[in-house]
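Notes for the one structure printed next.
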2 protein chains.
Amino acid sequence: MQKTPAIEQPPTIYDVAQAAGVSIASVSRVLNSHGNPRQETKNRVLRAVAELGFVPDGAARALSARVKEIVGVVFRHVPRADSHEAADGAATEEDESLQFTDLINRGIEVAAQQGGFNLLIGSVDVHGHDARRQVMTMARKCDGVILHDRVLEPEELAQLSRQVPVVTLAGVATDATANVRSDGRSGMGELARHLIHDHGYPTVAYLAGHADSPDNLARRQSLTEETARAGATFVDGPRWQGNYLASGGANAVRNLLAENATLPRAIACANDQTALGVMTQLASAGIDVPGEIAVTGFDDIPVARHLRPQLTTVRQPIHELGAAAFDVLRSMITDRGQHGHEPAERDLVLPTVLVRRQSCGCRAGPETAALTDTVTMASADAEGGT
Amino acid sequence: MQKTPAIEQPPTIYDVAQAAGVSIASVSRVLNSHGNPRQETKNRVLRAVAELGFVPDGAARALSARVKEIVGVVFRHVPRADSHEAADGAATEEDESLQFTDLINRGIEVAAQQGGFNLLIGSVDVHGHDARRQVMTMARKCDGVILHDRVLEPEELAQLSRQVPVVTLAGVATDATANVRSDGRSGMGELARHLIHDHGYPTVAYLAGHADSPDNLARRQSLTEETARAGATFVDGPRWQGNYLASGGANAVRNLLAENATLPRAIACANDQTALGVMTQLASAGIDVPGEIAVTGFDDIPVARHLRPQLTTVRQPIHELGAAAFDVLRSMITDRGQHGHEPAERDLVLPTVLVRRQSCGCRAGPETAALTDTVTMASADAEGGT
DNA sequence: CTGAAAGCGCTTACAG
DNA sequence: CTGAAAGCGCTTACAG
C-alpha cells in the first residue's frame, strides 16, 4: 500500500523573482548573462535559484527564445518480428544491433552536448507509410534534423528541408540539404589492391549492402574498378546481395553453399556486420578463414578486432562523422533564414583507412595482436606497416 | 557560389485558421479530436493543413498542453581520450561501444514511439562534477527521465525525482523513483550450476563489473553462493576487477598472465563485453577456450553468438527492459501529482535465461550452430534443450 | 458547434 | 540597471 510521493510543480521564474525581490526580467538576465545586472542583483537571484532549485522550463524557453537546443536524429528501424523473448531460443534474424548507427549517434551526441544541444532520437519503420509524419513531428521538436541513410524519399526530404535545416548521412547533398559521408572509394580501392597484389587472390566477390545506398554503390564500384585494373575476377550478382546485417551475410553464404557454388578466394563485405555473418557461416561449414577464403569488412566497429580471425576492414571515422554532421547542422541552424548567406560545406567527405588484421590473410602481429593493427592512410602512397 | 535556399518560417495555426476561414480554436479542435466539429469544419481545416504542410510547433504545444511527449534517457559516458583518429592505429581503450546500453535505448525508443513519445538522449561524464546540472537541464525538456546505472548520486537522484518522474535501470527503487532490472541472481545461479555440475569445473572466477553496480553485486553473490554450495572453489579479488568493458577483461587477464598466476578452470564474466576482452586476450596468449579455460558472459548481446567459440552467456531481455522502463515511466507521468494514487510496480524485475553455447565447453550444435542455441528458462525446472 | 480570450513560462525590446 | 509589457504558438475553459 505504498504511496507515490507527489511530484511538486517545479518552481517558475516568478517564484524565483519573488524570492529574490526582483522582476522576472532581472532573473532572466542574470541567468542568461544579458545586460549588466548589479552584483547585488546577481547575488539575490543566484541565491534564490539555488534555494528553489530552479531550472527553466525547456518548452517555455524554446518558445520565446525561438531555439530549442535540440537536434533530431532519425534512423531506419528494422522491425522486430514481435516474437517476445523468442522462447525457442532462435533469435529472430531481425534482432540485430545496428552498431554503426549507434556509434554515429554517439558521435553526434558528444558534439551536441558540447554545443549545448541534446539529441532527440527517433526511428522510422521500413514499411513507413507514415514515416514522413513521424519525422515531421519530430522535426517540430527540434532546431534541425540529421537523417541516416534511407529514411525519407527524395520528395519527402525536399519538403522537410523547406521547414527545417537537414543534414543527411551517407546520402547525397541537395539544394537544401547538406550531407556528410566518408570516402568509401579510396578505402575500398586500397583494400582491393591489398587483396589482389599483396595476397595475390585471383577472385574477389562483393557481398553487397542495400542496393539503393550510395555508400554501397561507391564501395562496389571501387572494387569493380580495381579488380578489373588488376586483371582479377570480380564476382557479384543477385546471390551476393546482403542487407548490411549479419543475417544478410550469413544467408547469402548459406545459400551459396547449399547450391554448391564455387566460392571466390576472397569476399569483401559491404560492412563489418555482414562480414560477421559471413565468417560465422563459413566457420560452421568448416571452411577456414583466411586459409581457404579471405573475408573483409568495412567500418571497423569495435568488435571487428575481437573476432577470430580478427577482421581486416576499412575504418570509417565513425565518431567524427557524427560530430561533423552535428557541426554542419549547427551552422545551418545559426544561419537559417539568412538568404544568400554563404553556406558551409554542403558535401563533407571524411577519409577512410585500411586496417589490416588477419581475416585477409595477413599474419597475426608479433605480440598482443589486438593492439597492433597495421593501419595505412588511404591517401598515403607509402606502404606503411611494421 | 551556391547559395543556401532560406528556410521558410513554418506555417502557424493562425495561417491554417486563416486559410480555412475558421478560428484557431477550431483548428486545434479538429487536429486534436476535441469536441465534435462539424464535418464541414473538419474538411476545411484538414485541407488547409495539408496545403500548408502544417505541423504544430512542439514547444508551443508542450507549453500549453503541459506535456512534451518526450522522455529523457541518460547514460554514463566513457570519456574519449581525445586522440583524434588515433593515427597510430592503436585504438584508445576507452573507445568501446556500450552495446548493452544502446540496445536498451532501442527498446525504450520502440516503446516510446508507440506511445507517441520521442527520446531525448544525453550522456554524462564520469568526472561529472556538473552531471546534476546536465541532467536537470535535460529533465526540463522532458516529461520524465530514465537513468542508466550510476548516473547520479543518491542525493542528486532524490532531488531530481522531486521535480520529475524518474525510473532507474539496474539500480534500486526508492521512495520517489521506480526501478527496472533483470533477475541476475537466478541466471547466474543456473550458469554456476552448469559450470560446476555439468562440466565439473573445480574452480570458477568472477571477473567483475563496476564495484558499485547492484547488478554486479547480485551476480557475484549468486556465483559465490553456488560455488560454495557445490564445494567448488570461488576465485575473485582485486585482480579480478573489471569495468564492464572489453578492455577491462583484457587487462585483467593480461596482468594475471604477466605475473604467472594460476588461472581457474572457468571464468564467469560480469558481462559479454568483458568476456570478449578475456577471450581475445586468452587467444593471443595461446590458451584454448574452452579446452583449457572456459569463459562465459552475461547479457547476450548480438555479437555473443558470433564469437569463436560462441559465447555461453546469461540472456537478459534487453529490449523488454527498455520497454518496461518506458511503460513504468509513462504511468508515473500520467499519475503525476496525484497524491496517494496507487503506484505502478516500483521495482520491476524481469527473468534471465542461460544460453549454452560453446565457450563453456558444451559441444557445437549439430547444424548451423548460430541458430540452435540451447536455452533454458532460468525459472524452469525441466532440463530442456535438444 | 464555434470564437474570443486567457494562460502556459519564458525572453526581449522599450521606457524609465 | 531595472521593471512592465508584449509576444512566442499553441490548448482549453467560457460564453454564445
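Throughout, a chain's letter reflects where its sequence line sits, starting with A, and its residues are numbered from 1. What you see is a predicted model, and the numbers here were worked out from it, not measured in a lab.
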Of the non-hydrogen atoms in [X] and [Y], which two are nearest, and what is the gap between them?
| X | Y | answer |
| --- | --- | --- |
| Asp15(A) | Thr12(A) | OD2-N, 2.8 Å |
| Val71(A) | Phe326(A) | CG1-CE1, 3.7 Å |
| Val124(B) | Val151(B) | CG2-CG1, 4.0 Å |
| Leu169(A) | Leu321(A) | CD1-O, 4.4 Å |

Quiz prompt | Sequence neighbours excluded, every pair satisfying salt bridge (charged side-chain N to carboxylate O under 4.0 Å, His left out) that has a member inside residues 27-51 of chain B | solution =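 Sorted result for residues 27-51 of chain B: Glu40(B)-Arg44(B).
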Quiz item: So, Arg181(A) and Asp149(A), do they make that salt bridge, N to O below 4.0 Å?
Solution: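 Salt bridge between Arg181(A) and Asp149(A), a charged N being under 4.0 Å from a carboxylate O: no.
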Self-check item: Sequence-distant partners of Asp212(A), side-chain contact (heavy atoms from CB on, under 4.5 Å), two or more places apart
Solution: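 By the side-chain contact (heavy atoms from CB on, under 4.5 Å) rule, Asp212(A) matches Arg150(A), His210(A).
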Quiz item: Residues two or more places apart in sequence or in another chain: which of them pass side-chain contact (heavy atoms from CB on, under 4.5 Å) with Val67(B)?
Solution: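 Val67(B): side-chain contact (heavy atoms from CB on, under 4.5 Å) contacts with Glu69(B), Asp143(B).
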Quiz item: Can you list every ring-ring contact (aromatic ring centres under 6.0 Å, His included) pair that touches residues 22-72 of chain B, not counting sequence neighbours?
Solution: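 Non-adjacent pairs meeting ring-ring contact (aromatic ring centres under 6.0 Å, His included): zero.
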Quiz item: Which residues within residues 35-49 of chain A lie with some heavy atom under 4.0 Å of an atom in DNA chain D?
Solution: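 Contacting residues: Asn36(A), Pro37(A), Arg38(A), Thr41(A).
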Self-check item: With Asp327(B) via side chain to side chain donor-acceptor pair (under 3.5 Å) - residues at least two apart
Solution: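 Expected list: none.
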Self-check item: Set of residues satisfying side chain to side chain donor-acceptor pair (under 3.5 Å) with respect to Ser26(A), sequence neighbours excluded
Solution: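 For Ser26(A), no residue satisfies side chain to side chain donor-acceptor pair (under 3.5 Å) once neighbours in sequence are set aside.
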Quiz item: If each of Gly21(B) and Pro11(A) is mapped to the nucleotide of DNA chain C with the nearest heavy atom, which maps nearer the 5' terminus, i.e. the 5' end?
Solution: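 Nearest-nucleotide comparison on DNA chain C picks Gly21(B).
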Quiz item: Does Phe75(B) have any ring-ring contact (aromatic ring centres under 6.0 Å, His included) partners at least two apart in sequence or in another chain, and if so, which?
Solution: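 None.
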Self-check item: Phe100(B): partners by ring-ring contact (aromatic ring centres under 6.0 Å, His included), with sequence neighbours left out
Solution: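 ring-ring contact (aromatic ring centres under 6.0 Å, His included) list for Phe100(B), sorted by chain: empty.
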Quiz item: Starting at the 5' end of DNA chain C, what dot-bracket string do you get if Watson-Crick and G-U pairs under 3.5 Å are bracketed, crossing pairs use [ ], other-strand pairs use | and unpaired bases use dots?
Solution: |||.||||||||.|||
Quiz prompt | Residue-level proximity of residues 63-70 of chain B to DNA chain C when a heavy atom falls under 4.0 Å | solution =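 Hits under 4.0 Å, by residue number: Leu63(B), Ser64(B), Arg66(B).
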Exercise. Using the heavy-atom set of chain B and a strict 4.0 Å cut-off, write down the first and last nucleotide of DNA chain D that makes it in, 5' to 3'.
Key: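 Result: dG9(D) to dA13(D).
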Quiz item: What does Thr12(B) touch in the nucleic acid at a heavy-atom separation under 4.0 angstrom: a base, only the sugar-phosphate, or nothing?
Solution: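 Result for Thr12(B) = sugar-phosphate.
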